[in-house]
Participant: 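Here it is: the structure, laid out below.
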Amino acid sequence: MIEINGMCVRSKDFLLKDVNLTVQSGSCHVVIGPTGCGKTTLLEATLGLRKLQEGEIWVDGKNVTHLPPHKRGFSYVPQDLALFPHLTVWENIIYGIKQSKIKNKTELYKLASELAEALGITHLLKKDIKNLSGGEKQRVALARALASGRKYLLLDEPFSALHEGMKKELWILLKNLQKAYELTILMVSHDLEETFFLSDYVSVMIEGTIRQTDKKEKVYRFPSDLDVAKYFGIKNIFSGKVIAMNDNNYLVYSKELKAKISIPSSSTSFKFNIGDTVSFGIRKEDVMILRPDLPKKNDNLLSGVITAIYPKGASVLVMFVPNGSNISIEIEVPEYASSKLNLKTQSQAIVSLKSERIFVLKETQFKVKDAQN
Amino acid sequence: MFSKLNFKTLSMFFAFCVFAFYVVLILFLFYFWNGPLFVETLSSERTLFSIKISLIAATIATLLSLFFAIPSAYALSRFNFKGKNIIDTVLEFPLIVSPAALGAMLLIFFNNPLGSWLQEHVAQFVFTFYGIILAQFITTLGIATRLIKAALDEIPHRYEDVARSLGASPIKVFLTITLPLSKKGIIASAILTWAKALGEFGATITVAGTMAMKTETLPIAIFMKLASADIEGTVVLILILITIGFAILYVVRLLTTRESL
């Protein structure tokens, strides 16, 4: 288990503030955030390449805060991989084994061969690094990081330079390796799909602070604040006033939507009273366009006009404006569903904001600079 | 005419100009060429001694310079510490101060109590072979450090970070990653340092004097010949110095290029 407690790192123009993280043994914890938010600094400080102004780092109950990088027990794969250009593929892979103080290294060499096999690079072992493709380099970097027998892996956006197909192939490979070798991974990324594919736990970092940490499903379903939601590219964020409540639900009237919205009290840890202002949101894929011919049993129904339709390949982005409102709701519909519903611009439609998919936001004074569009 | 030249041709013209400046100087030496004298001078004991001490002194001075320059260049390239900027500035000291002044400073140092003590108890430097090495070492050290620092700056520290994460201690990282990766740059720096030491005159003559068969390096022998108005003899020695210098530089360059292929 890796524990980072109250980490503060100050550099020339940047401050990492009070970072607290726990990476459970055998899990993959991804820190996601916009470019320049401090993700790499976090990894470098964990590895021991940057001095901590405050805080501690513990690995399996041992305080490693003041240990040099080579004694902390982490393997590190930086964004540019940094494969040693003067060594062959095999020499790169066994570099860590050569540094190990274990007397009998037979097991480690066996592990290196096993990893080369698992990563499909046995035919490259005698090659020079400069002759490898991007995907091959990635595999060699992973093999090198794991061959030393270390169980703690620090990954700094290692797949960012690869094309989509290769990326996904390596994600699966990394998942399999994690399971097979019981790896504990702390990874940083700015890729949402990669994060939710690889992680067990996710932390969202914005401007040097961790805004949310939870299981990936929870972070995905319930972004904690406005900045996190914006970073995830969620545009459907509204506000309203609590006008009624019972044990299970809040009833919120949104002036923007000109509608009453029912929000389950289980979707938020905050307690609201009648008259309180609530910010809430819903992902575009959680808004449902209803077939006009079917009876309307769903909750949070809104009637309005489809103002635009943007085909995106496998799905279609629909812009919907509720009657009487002047704001758009983004809706993502699978392409086949869009065809079936025969969606057309300027046509009337009824949509449902699935109440169990609505999340409530904590207001923040920060703004995300490069939130996704 | 110039309007027809593109930038590439123009820059190549200047490259050939640089080459021409030196080649013209070398070619005009042959105006005073004297074949029999060349053979006679080359086979004379005094010239052979000058060649020998020039090569030995330049090689030792280069090795000494590298011994100090490599770790200090590493420190300047990789770490931030108090006084770093001052040290970095002082590296240009031998370039700012003329070699003769540098030699004079060494003489002044050996006339102080600490210098006198060193002369008495460690080694005699003034007017000796050790003086030649010391003069060449002092002249080349700053340049060697500057050149090696530039070579180390070219190596991304990421390689070292990864090596450390794989369990290598700082010294192991230096020996197994930094040094091999900067090998070409260090060899190039060593060649330039050696060439500078071989041709060093001002500081050497000031500290070691001009004693034939004792401290007379090739550049000093050239000066002595010229001082006695022996132009043909001067030309012979210059050609010997040029031949030795270029031959060694060429061989080293050839070896390092082959290795990098």
Side-chain angles (χ1 to χ4, degrees), chain A residues 11-12 40 43-51 64 67-87 91-102 105 108 112 128-130 140-150 152-156 158 186, chain B residues 66 70-71 73-85 88 148-191 252-253 255-261:
Chain A
S11 67
K12 273 178 198 167
T40 298
L43 276 197
E44 288 178 349
T46 307
L47 184 59
L49 300 173
R50 282 176 184 264
K51 206 177 159 192
V64 300
L67 291 181
H70 62 287
K71 290 184 178 168
R72 293 197 178 196
F74 298 120
S75 270
Y76 173 51
V77 180
Q79 200 171 353
D80 58 4
L81 307 178
L83 292 172
F84 307 134
H86 60 299
L87 303 179
E91 287 167 341
N92 262 278
I93 294 172
I94 60 164
Y95 183 87
I97 301 175
K98 283 188 169 178
Q99 312 312 320
S100 169
K101 284 181 181 156
I102 298 171
K105 295 180 180 176
L108 287 176
D128 277 343
I129 295 302
K130 60 184 172 208
V140 176
L142 280 175
R144 179 181 65 178
L146 300 176
S148 58
R150 295 174 177 220
Y152 294 101
L153 204 53
L154 305 180
L155 304 177
D156 188 356
L186 175 58
Chain B
L66 292 180
I70 293 173
Y74 184 77
L76 291 168
S77 172
R78 291 294 190 267
F79 308 123
N80 282 320
F81 53 92
K82 272 185 186 171
K84 179 180 163 173
N85 288 337
D88 210 351
I148 293 168
K149 180 182 176 289
L152 293 173
D153 286 344
E154 291 290 308
I155 312 296
H157 64 84
R158 212 30 107 208
Y159 294 122
E160 294 164 5
D161 297 344
V162 171
R164 292 198 74 186
S165 82
L166 292 168
S169 63
I171 182 75
K172 268 269 179 88
V173 172
F174 179 71
L175 294 174
T176 58
I177 302 295
T178 320
L179 265 188
L181 285 179
S182 54
K183 187 175 70 182
K184 270 175 112 178
I186 291 175
I187 290 172
S189 310
I191 292 172
V252 173
R253 200 150 286 178
L255 288 175
T256 51
T257 315
R258 233 181 237 168
E259 206 173 301
S260 68
L261 285 175

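Keep in mind that the numbers below use all heavy atoms, side chains included, and drop hydrogens, waters and symmetry copies. Below, chains carry the letters A, B, ... as their sequence lines are ordered, and counting in each starts from 1.
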Participant: Is it the side chain or the backbone of Ser75(A) that comes within 4.5 Å of chain B heavy atoms, both, or neither?
Facilitator: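 Contact with chain B involves both backbone and side-chain atoms of Ser75(A).
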
Participant: Count the heavy atoms of every other residue, nucleotide or ligand shown that sit under 6.0 Å from NZ of Lys84(B), and state whether that count exceeds 12.
Facilitator: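 More than 12 within 6.0 Å, yes.
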
Participant: If we define contacts as heavy-atom pairs under 4.5 Å, which of Ala147(A), Ser148(A), Pro68(A), Ala82(A) has the most with chain B?
Facilitator: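 Top count of heavy-atom pairs under 4.5 Å with chain B: Ala82(A).
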
Participant: Considering only heavy atoms, which portion of Ala145(A) lies under 4.5 Å from any heavy atom of chain B: side chain, backbone, both, or neither?
Facilitator: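 Just its backbone gets close to chain B.
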
Participant: Side chain from CB out, backbone as N, CA, C, O: work out which of these in Leu83(A) comes under 4.5 Å of a heavy atom of chain B, or both, or neither.
Facilitator: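 Backbone of Leu83(A) only, per the 4.5 Å heavy-atom cut-off to chain B.
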
Participant: Within a 6.0 Å radius of atom NZ on Lys98(A), are there more than 12 heavy atoms belonging to other residues, nucleotides or ligands?
Facilitator: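 No.
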
Participant: Please list, chain by chain and in numerical order, all residues satisfying side-chain contact (heavy atoms from CB on, under 4.5 Å) with Phe79(B), sequence neighbours excluded.
Facilitator: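 With sequence neighbours excluded, Phe79(B) shows a side-chain contact (heavy atoms from CB on, under 4.5 Å) to Tyr74(B), Ala75(B), Phe81(B), given in chain and number order.
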
Participant: For Arg150(A), is it the side chain, the backbone, both, or neither that has a heavy atom closer than 4.5 Å to a heavy atom of chain B?
Facilitator: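 Only the side chain of Arg150(A) comes within 4.5 Å of chain B.
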
Participant: Locate the shortest heavy-atom distance separating Tyr95(A) from Val173(B); write the atom from each residue and the value.
Facilitator: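 Smallest interatomic distance, heavy atoms only, reads OH-CA, 4.3 Å.
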
Participant: Could you have a look at Ser100(A), Ala141(A), Pro85(A) and say which one has the most heavy-atom pairs with chain B under 4.5 angstrom?
Facilitator: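 Of the options given, most contacts go to Pro85(A).
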
Participant: Within a strict 4.5 Å, meaning less than it, do heavy atoms of the Phe84(A) and Thr176(B) side chains meet?
Facilitator: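 When only atoms from C-beta onward are counted, Thr176(B) and Phe84(A) do not touch, as no gap falls below 4.5 Å.
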
Participant: Below 4.5 Å, heavy-atom pairs only: which of Pro180(B), Pro156(B), Ala168(B), Ser169(B) has the largest tally toward chain A?
Facilitator: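 Option with the greatest count: Ala168(B).
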
Participant: Please set out all donor-acceptor pairs under 3.5 angstrom arising from side-chain atoms of residues 159-167 of chain B, sequence neighbours excluded.
Facilitator:
unit_1    : atom_1 : unit_2    : atom_2 : d
Glu160(B) : OE1    : Arg78(B)  : NE     : 2.8
Glu160(B) : OE2    : Arg78(B)  : NE     : 3.1
Glu160(B) : OE2    : Arg78(B)  : NH2    : 3.0
Glu160(B) : OE2    : Thr178(B) : OG1    : 2.9
Asp161(B) : OD2    : His157(B) : ND1    : 3.0
Asp161(B) : OD2    : Arg158(B) : NH1    : 3.2
Arg164(B) : NH2    : His70(A)  : ND1    : 3.4
Ser165(B) : OG     : Tyr76(A)  : N      : 3.4
Ser165(B) : OG     : Val162(B) : O      : 2.7

